[in-house]
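Only one structure is covered here, and it is reproduced in the block below.
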Amino acid sequence: MQNAELLQEGLAIMGLGMGFVFVFLTILVISVTLMSKLLGRFQPTPVSTLAGTKPSSAPALSGEDEEVTAVISAAVHRYRSLKRH
């Protein structure tokens, strides 16, 4: 084979590969868009909370949780103080 034939074959393979990737990505974008619209149609809309009320999703800390929080805070404080020296 001559150089021109090799170059032409290389360009053909490159074009085929790039075309395959382009088609695959186009199908992927279309399918993701359709799935998003499909889920948006069947998923119920979230109920908005009133502005004056505080959401009660976070439970009150129990004694054990407070102790764990204090221990973690002390460890972070000690780590930061040792890192400076």
Side-chain angles (χ1 to χ4, degrees):
M1 289 183 135
Q2 292 180 345
N3 288 339
E5 292 175 355
L6 286 174
L7 183 63
Q8 186 177 6
E9 187 176 338
L11 289 174
I13 291 173
M14 181 187 71
L16 181 67
M18 289 176 67
F20 179 76
V21 169
F22 178 77
V23 169
F24 175 76
L25 291 176
T26 303
I27 292 171
L28 183 68
V29 167
I30 290 170
S31 64
V32 168
T33 303
L34 289 175
M35 285 174 36
S36 173
K37 288 182 181 182
L38 184 69
L39 285 176
R41 181 175 296 164
F42 291 116
Q43 185 178 17
T45 57
V47 178
S48 62
T49 59
L50 297 177
T53 61
K54 182 179 176 184
S56 61
S57 61
L61 291 177
S62 66
E64 187 176 314
D65 290 340
E66 291 174 356
E67 182 181 354
V68 171
T69 304
V71 169
I72 292 173
S73 297
V76 169
H77 178 69
R78 178 163 182 185
Y79 173 76
R80 287 182 180 169
S81 66
L82 291 177
K83 189 146 179 131
R84 291 182 193 157
H85 299 289

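Atom set for the values below is all heavy atoms of this structure, side chains included, hydrogens, waters and symmetry mates excluded.
- Taking hydrophobic clusters as Ile, Leu, Val, Met, Phe, Trp and Tyr residues chained together by side-chain heavy-atom distances below 4.5 Å, L28 does not share a cluster with F20.
- Among the candidates T33, I27, T26, the single residue satisfying the side chain to side chain contact (heavy atoms under 4.5 Å, CB included) test with V29 is T33.
- When atom types are taken as modelled, the side chain of S36 and the backbone of V32 share no donor-acceptor pair closer than 3.5 angstrom.
- In the hydrophobic cluster analysis, where Ile, Leu, Val, Met, Phe, Trp and Tyr join through side-chain heavy atoms closer than 4.5 angstrom, L82 is grouped apart from V76.
- Separating the CD1 atom in I30 from the CE atom in M35 is a distance of 13.5 Å, to the nearest 0.5 Å.
- The distance from the CG atom of L7 to the CE atom of M14 is 9.0 Å, given to the nearest 0.5 Å.
- From I13, atom CD1 reaches atom CD of Q8 across 11.5 Å, with rounding to the nearest 0.5 Å.
- By the 6.0 Å contact criterion, CD on E5 is enclosed, its count of non-hydrogen atoms from other residues, nucleotides or ligands being greater than 12.
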